[in-house]
*Asks:* 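I'd like to ask you about the structure that follows.
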Amino acid sequence: MSSTTDGTASRIGVAGALGLSVTSSVAIVICNKYLISTLGFFFATTLTSWHLMVTFCTLYVAQRLRFFEAKPIDAQTVVSFGLLNGISIGLLNLCLGFNSVGFYQMTKLAIIPFTMLLETIFLSKKFSRSIKVSLMVLLLGVGIASVTDLQLNLVGSIIAVLTIAATCVSQILTNQIQRRLKVSSTQLLYQSSPYQSAVLLVTGPFVDKLLTNRDVFAFTYTIQVVAFIVLSCSIAVCVNFSTFLVIGTTSPVTYQVLGHLKTCLILSFGYVLLRDPFTFRNVAGILVAIFGMGLYSFFSVSESRKKAEGPSPLPLSSSQMGEKDAEPLLAGAAAKSSPWNEVKGVQSFDEMPRTAKSAFSRP
């Protein structure tokens with residue numbers, strides 16, 4: 001009875017995380033679009049560094065007020081992870097700056113298959129044919145809806161490859177560090193956000209100068225601009241928290257699926273609220289993408305239930321049943337143990353590697 005209650009509560013928790021991620025991400029896109037398009041604040045990388053700095057300050061206050069307990073992570077892991085995340089954010093901005101919007105969208109679409117490839121090679125994770133087909137339908141729909149022009153250049157292509165690699169690795173590590181070192185999303189974000197912010201604080205003004213030919217320090221900060229920057233930073237706390245929470249409790253692939261749902265919602269809101277141009281191709285692509293998301297959710301939940309209800313060669317205690325890993329999305333909410341359990345058996349905490357690099361090496 002208690003295991004059933006725990007499973008229901010965990011599903012509700014992940015459903016809340018997914019909802020918070022979608023809501024906060026759409027809200028911050030609308031806020032930043034007004035900040036950039038209307039108020040002329042084009043310094044996206046510097047703004048992101050402020051987002052992370054405010055996130056750390058907020059978590060520091062929350063930790064001092066005992067809302068969560070800080071759990072120390074060894075310096076090599078947290079510094080490497082924080083720097084990698086900061087670099088991946090900067091590369092995303094550079095990728096958009098050096099490529100057309102269409103090629104940038106294709107780069108984002110490529111993250112899912114490359115993430116699956118890395119997890120298959122380094123983590124021995126298996127993806128069923130149903131999951132692969134549903135993701136192909138999803139990517140096809142998002143591609144139809146969002147990819148318009150494909151203009152290639154050598155520098156932009158190199159940056160795109162680096163962006164895909166850094167983003168895939170950082171998101172896999174976000175999941176693996178939480179599971180294998182048994183830290184919560186809040187604890188990991190609290191430990192790593194200063195390093196992410198530091199990378200972007202140092203490099204942000206130069207990246208923005210390179211992309212916009214404008215100086216962030218010479219910008220005229222009116223009361224309205226400052227107000228929207230503060231609003232953007234406030235929403236970013238929810239965005240950063242929900243990002244780590246969703247990746248930690250589901251999977252990097254599920255987080256990318258959720259990201260494409262946000263893309264469809266943003267396109268729809270852009271048409272409804274901002275009267276952006278909308279064509280039959282956009283509508284068709286969004287409908288195909290939503291259908292693919294539905295298939296992914298259905299197959300993920302179905303496979304998780306089959307694993308949970310399937311016969312076991314040895315009788316399991318209730319505590320062992322609670323430690324079984326689940327698949328992504330709502331059924332993956334109960335994923336409190338490592339996905340390595342399916343391959344190598346349950347490991348003790350003392351056997352877990354303590355560096356970011358070792359998160360890719362099987363024990």
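Residues: numbered from 1 along the sequence shown.
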*Asks:* Can you name the side-chain contact (heavy atoms from CB on, under 4.5 Å) partners of Leu201, sequence neighbours left out?
*Replies:*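 side-chain contact (heavy atoms from CB on, under 4.5 Å) list for Leu201, sorted by chain: Ser49, Trp50, Met53, Ser197.
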*Asks:* Please check this pair: side chain of Asn175 against backbone of Pro252, looking for a donor-acceptor N/O pair closer than 3.5 Å.
*Replies:*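 Not confirmed, Asn175 side chain does not pair with Pro252 backbone.
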*Asks:* Which pair of heavy atoms, one from Asn153 and one from Phe98, lies closest together, and at what distance?
*Replies:*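 Looking at all heavy atoms of both residues, the closest pair is ND2-O, 2.9 Å.
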*Asks:* Is the distance between the ring centroids of Phe217 and Phe219 under 6.0 Å?
*Replies:*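 Phe219 vs Phe217: aromatic centres not under 6.0 Å.
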*Asks:* Short question: side chain of Thr77, backbone of Ile73 - any donor-acceptor pair under 3.5 Å?
*Replies:*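 Not at all, since once roles are kept as given, no pair shorter than 3.5 Å links the two residues.
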*Asks:* Mind listing the closest non-hydrogen atom pair of Ser88 and Ser170 along with its distance?
*Replies:*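 What the structure gives for the nearest pair is OG-OG, 3.9 Å.
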*Asks:* For residues 229-246, dump all side-chain donor-acceptor pairs below 3.5 Å to protein atoms at least two apart in sequence or in another chain.
*Replies:*
unit_1	atom_1	unit_2	atom_2	d
Ser232	OG	Asn32	OD1	2.7
Ser232	OG	His51	NE2	2.7
Ser234	OG	Val230	O	2.8
Asn240	ND2	Thr55	OG1	2.9
Asn240	ND2	Ala236	O	3.2
Ser242	OG	Cys238	O	2.8
Ser242	OG	Val239	O	3.0
Thr243	OG1	Val239	O	2.7
Thr243	OG1	Tyr255	OH	3.3

*Asks:* Please check: side-chain N/O of Arg214 versus main-chain N/O of Lys209, any donor-acceptor pairing under 3.5 Å?
*Replies:*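 Checked: no pair found.
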*Asks:* Keeping to residues at least two apart or across chains, list the ring pair (Phe, Tyr, Trp, His ring centres under 6.0 Å) pairs with something in residues 13-35.
*Replies:*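 Passing the test, one end in residues 13-35: Tyr34-Phe228.
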*Asks:* Consider only side-chain N and O atoms of Lys262 and Ser21, and report whether a donor and an acceptor are under 3.5 Å apart.
*Replies:*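 Yes.
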*Asks:* Only counting residues at least two apart or in another chain, list the ones meeting side-chain hydrogen bond (donor to acceptor under 3.5 Å, both in side chains) with Gln187.
*Replies:*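 For Gln187 the side-chain hydrogen bond (donor to acceptor under 3.5 Å, both in side chains) partners, ignoring immediate neighbours, are Ser184.
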*Asks:* Work out which heavy atom in Leu123 is nearest to a heavy atom in Gln176; give both atom names and the distance.
*Replies:*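 Nearest heavy atoms, Leu123 then Gln176: CD1-NE2, 3.6 Å.
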*Asks:* Within a strict 4.5 Å, meaning less than it, do heavy atoms of the Cys95 and Lys108 side chains meet?
*Replies:*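 Of all side-chain heavy-atom pairs linking Lys108 with Cys95, none is under 4.5 Å.
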*Asks:* Donor-acceptor pair, distance only, cut-off 3.5 Å: does the side chain of Gln105 make one with the backbone of Gly143?
*Replies:*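 No; zero donor-acceptor contacts below 3.5 Å.
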*Asks:* Output the rest of the hydrophobic cluster of Phe42: all Ile, Leu, Val, Met, Phe, Trp and Tyr residues reachable through side-chain heavy-atom contacts under 4.5 Å, sorted by chain and number.
*Replies:*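 Ile36, all in the cluster of Phe42.
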*Asks:* Could you tell me if Gln171 and Thr167 have a donor-acceptor pair between their side chains, going purely by distance under 3.5 Å?
*Replies:*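 No, Gln171 and Thr167 have no side-chain donor paired with an acceptor closer than 3.5 Å.
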*Asks:* When Ile, Leu, Val, Met, Phe, Trp and Tyr are grouped by side-chain heavy atoms lying under 4.5 Å apart, directly or through other members, which residues fall in the same group as Ile89?
*Replies:*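 Answer for Ile89: Leu52, Leu200.
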*Asks:* Please collect all ring pair (Phe, Tyr, Trp, His ring centres under 6.0 Å) contacts where either partner lies in residues 191-211, sequence neighbours excluded, each pair once.
*Replies:*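 Counting only pairs at least two positions apart or across chains, no ring pair (Phe, Tyr, Trp, His ring centres under 6.0 Å) contact touches residues 191-211.
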*Asks:* Any side-chain to backbone donor/acceptor pair from Thr263 onto Gly259? Under 3.5 Å, distance only.
*Replies:*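 It does hold such a pair.
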*Asks:* Just verifying a value: how many Å separate Cys168 SG and Met116 CE, rounded to the nearest 0.5 Å?
*Replies:*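 It comes to 11.5 Å.
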*Asks:* Please give me the minimum heavy-atom distance between Val199 and Thr203, naming the atom from each residue.
*Replies:*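 Between these two residues, the closest heavy atoms are O-OG1, 2.7 Å.
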*Asks:* Tell me, please, which residues at least two apart from Phe56 pass ring-ring contact (aromatic ring centres under 6.0 Å, His included).
*Replies:*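 In terms of ring-ring contact (aromatic ring centres under 6.0 Å, His included), with neighbours along the sequence ignored, Phe56 is linked to Tyr190.
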*Asks:* For Asn93, give me all partners under side-chain hydrogen bond (donor to acceptor under 3.5 Å, both in side chains), at least two apart in sequence or on another chain.
*Replies:*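 Here the qualifying residues are Thr45.
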*Asks:* Other members of the hydrophobic cluster containing Val202, with the 4.5 Å side-chain heavy-atom rule, please.
*Replies:*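 Listed partners: none, Val202 stands alone.
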*Asks:* Test of understanding: with side-chain hydrogen bond (donor to acceptor under 3.5 Å, both in side chains), list the residues that count as partners of Thr222, not counting sequence neighbours.
*Replies:*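 Scan of Thr222 (side-chain hydrogen bond (donor to acceptor under 3.5 Å, both in side chains), adjacent residues dropped) gives none.
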*Asks:* Look only at the side chain of Thr163 and the backbone of Leu91, and say whether a donor-acceptor pair between them is shorter than 3.5 Å.
*Replies:*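 Yes, Thr163 side chain to Leu91 backbone: donor-acceptor pair under 3.5 Å.
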*Asks:* Strictly distance-based, threshold 3.5 Å: is any side-chain N or O of Asn85 a donor or acceptor partner for the main-chain N or O of Gln196?
*Replies:*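 Answer holds: no.
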*Asks:* For the backbone of Ser130 and the side chain of Ser134, can you confirm whether one donor and one acceptor N or O come within less than 3.5 Å of each other?
*Replies:*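 Such a contact is found between Ser134 side chain and Ser130 backbone.
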*Asks:* Sequence neighbours excluded, which residues qualify as side-chain hydrogen bond (donor to acceptor under 3.5 Å, both in side chains) partners of Gln178?
*Replies:*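 Partners of Gln178 by the side-chain hydrogen bond (donor to acceptor under 3.5 Å, both in side chains) criterion come out as none, since no residue qualifies.
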